[in-house]
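Have a look at the structure below before the remarks.
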Amino acid sequence: MIYTRTGDHGETSLADGSRVSKNDLRVEAYGTVDELNGNIGLLRAMITAMGHSRSAEYETLLLGVQHKLFVIQTLLATADDERRKKLPQITAIDIKSIEHEIDKIEKTLPRLTGFVIAGGSMGAAQCDVARCVCRRAERRIVALADKHETEPLILVYINRLSDLLFVLSRQINHLNGTTENLYTIR
């Protein structure tokens with residue numbers, strides 16, 4: 001049965017079994033990462049539907065990101081410090097992997113000459129939405145980290161992920177032949 005009725009009065013259980021309000025900083029943080037994960041799932045579907053020569057590569061990359069986001073959600077949803085330390089973690093290798101992908105994509109893009117206005121093709125626009133949710137998740141995680149111990153590499157990973165989503169948006173527009181709209185002072 002999918003419904004438990006245990007959250008009907010505004011509380012939920014964390015991964016370690018403790019009960020908190022649904023507006024708890026932890027719930028806000030892992031809930032926003034969950035929203036990010038859903039947006040990346042939609043992005044993967046859009047990339048697959050585009051059918052470009054790089055679609056399978058980017059779909060695989062984003063699926064790997066989604067797996068790491070589940071690790072982050074679990075870490076954020078666990079209040080007990082000792083239990084959290086025994087869980088899978090985000091590592092420096094995970095961050096290097098994202099940085100490698102950013103560098104690889106950037107090499108194929110035209111030089112950036114201004115601020116890019118979000119949008120263009122459907123896939124690029126969805127990348128931009130996911131990037132904005134990623135930035136919000138980062139703010140929620142910072143708020144949580146101000147009050148509770150969190151693994152520092154989570155913030156680094158989320159920060160790099162927003163950079164990856166930015167360059168991937170540019171790449172999708174580039175692959176579609178869609179001209180980037182740049183912000184100009186008028």
Side-chain angles (χ1 to χ4, degrees), residues 29-30 32-76 84-85 87-142 144-145 150-182:
Y30 76 71
T32 307
V33 174
D34 187 37
E35 184 182 350
L36 171 61
N37 210 335
N39 272 281
I40 290 176
L42 177 57
L43 175 60
R44 278 184 43 236
M46 290 177 154
I47 287 173
T48 300
M50 287 186 327
H52 285 290
S53 60
R54 304 260 268 321
S55 291
E57 174 187 349
Y58 294 143
E59 195 274 339
T60 300
L61 169 65
L62 292 172
L63 181 59
V65 165
Q66 287 184 288
H67 282 269
K68 294 301 176 186
L69 291 177
F70 269 103
V71 168
I72 290 171
Q73 286 173 248
T74 304
L75 291 168
L76 295 173
R84 198 174 53 250
K85 289 175 185 172
L87 294 170
Q89 301 289 316
I90 296 299
T91 68
I93 293 169
D94 298 324
I95 293 160
K96 284 288 182 199
S97 177
I98 285 190
E99 290 173 347
H100 172 75
E101 292 299 329
I102 292 168
D103 294 343
K104 192 164 78 170
I105 293 169
E106 275 193 313
K107 288 177 185 175
T108 68
L109 294 172
R111 185 175 160 269
L112 194 57
T113 60
F115 291 103
V116 178
I117 295 175
S121 66
M122 291 292 289
Q126 180 57 32
C127 244
D128 293 326
V129 170
R131 180 184 47 78
C132 291
V133 175
C134 190
R135 289 292 190 197
R136 182 161 32 92
E138 183 179 23
R139 293 188 300 272
R140 299 297 188 263
I141 295 165
V142 167
L144 177 64
T150 58
E151 290 68 19
L153 290 182
I154 290 175
L155 272 174
V156 178
Y157 186 88
I158 292 293
N159 190 280
R160 290 305 179 286
L161 179 55
S162 68
D163 295 335
L164 174 65
L165 292 167
F166 175 75
V167 297
L168 190 55
S169 174
R170 293 190 69 217
Q171 175 73 309
I172 291 169
N173 275 336
H174 184 68
L175 290 171
N176 283 327
T178 304
T179 303
E180 287 182 320
N181 291 305
L182 299 179

Measuring from [X]:[atom1] to [Y]:[atom2], what's the distance to the nearest 0.5 Å?
X      : Y      : atom1 : atom2 : value
His174 : Leu168 : NE2   : CG    : 13.0 Å
Glu151 : Leu87  : CD    : CG    : 8.5 Å
Asn37  : Thr32  : CG    : OG1   : 12.5 Å
Glu101 : Ile98  : CD    : CD1   : 9.0 Å
Ile72  : Ile141 : CD1   : CD1   : 6.0 Å
Asp103 : Leu164 : CG    : CG    : 10.5 Å

Heavy-atom donor-acceptor pair, Asn173 side chain to Ser121 backbone, under 3.5 Å | yes
If only atom types and distance count, is the side chain of Ser97 paired as donor or acceptor with the main-chain N or O of Ile93 below 3.5 Å?
-> no
Between Lys104 and Glu57, does at least one N-O distance fall below 4.0 Å, as a salt bridge requires?
-> yes
If every non-hydrogen atom of [X] is compared with every non-hydrogen atom of [Y], which pair is closest and at what distance?
X      : Y      : value
Ile105 : Thr108 : O-OG1, 2.7 Å
Ala124 : Ser169 : O-OG, 3.1 Å
Pro88  : Val71  : O-CG1, 3.4 Å
Leu153 : Ala92  : CD1-N, 3.7 Å
Leu75  : Gln89  : CD2-NE2, 3.4 Å
Ala29  : Arg140 : CA-CB, 3.8 Å

Close side-chain approach of [X] to [Y], heavy-atom, < 4.5 Å:
X      : Y      : value
Cys127 : Leu43  : yes
Phe166 : Leu161 : no
Arg84  : Thr74  : no

Ile40 and Val133: CA distance, side-chain angles, deciding distance, side-chain contact (heavy atoms from CB on, under 4.5 Å) verdict = CA-CA 10 Å; Ile40 290 176; Val133 175; over 6 Å; no
Stepwise side-chain contact (heavy atoms from CB on, under 4.5 Å) test for Leu63 and Tyr58 = CA-CA 8 Å; Leu63 181 59; Tyr58 294 143; over 6 Å; no
May I have the step-by-step check of side-chain contact (heavy atoms from CB on, under 4.5 Å) for Tyr157 and Val65, ending in yes or no?
-> CA-CA 10 Å; Tyr157 186 88; Val65 165; 3.8 Å; yes
Could you tell me which residues satisfy salt bridge (charged side-chain N to carboxylate O under 4.0 Å, His left out) with Asp94, sequence neighbours excluded, listed by chain and number?
-> Lys68
Apply side chain to side chain donor-acceptor pair (under 3.5 Å) to His67 and list each qualifying residue two or more places apart in sequence or on a separate chain.
-> none
Under the side chain to side chain donor-acceptor pair (under 3.5 Å) test, residues paired with Asn39 that sit two or more places apart | Gln126
Glu138 versus Ser162, side-chain donor and acceptor atoms under 3.5 Å | no
Residue of the set Asp128, Val167, Ile47 for which side chain to side chain contact (heavy atoms under 4.5 Å, CB included) holds with Ile172 = Ile47
Once salt bridge (Lys or Arg N to Asp or Glu O under 4.0 Å) is applied, what residue pairs with a partner in [range] remain, sequence neighbours excluded?
range            : answer
residues 166-175 : Arg170-Glu180
residues 152-164 : Glu99-Arg160, Arg135-Asp163
residues 35-52   : Glu35-Arg136, Arg44-Glu59

Is Met122 atom CE crowded by more than 12 heavy atoms from other residues, nucleotides or ligands, each under 6.0 Å away?
-> no
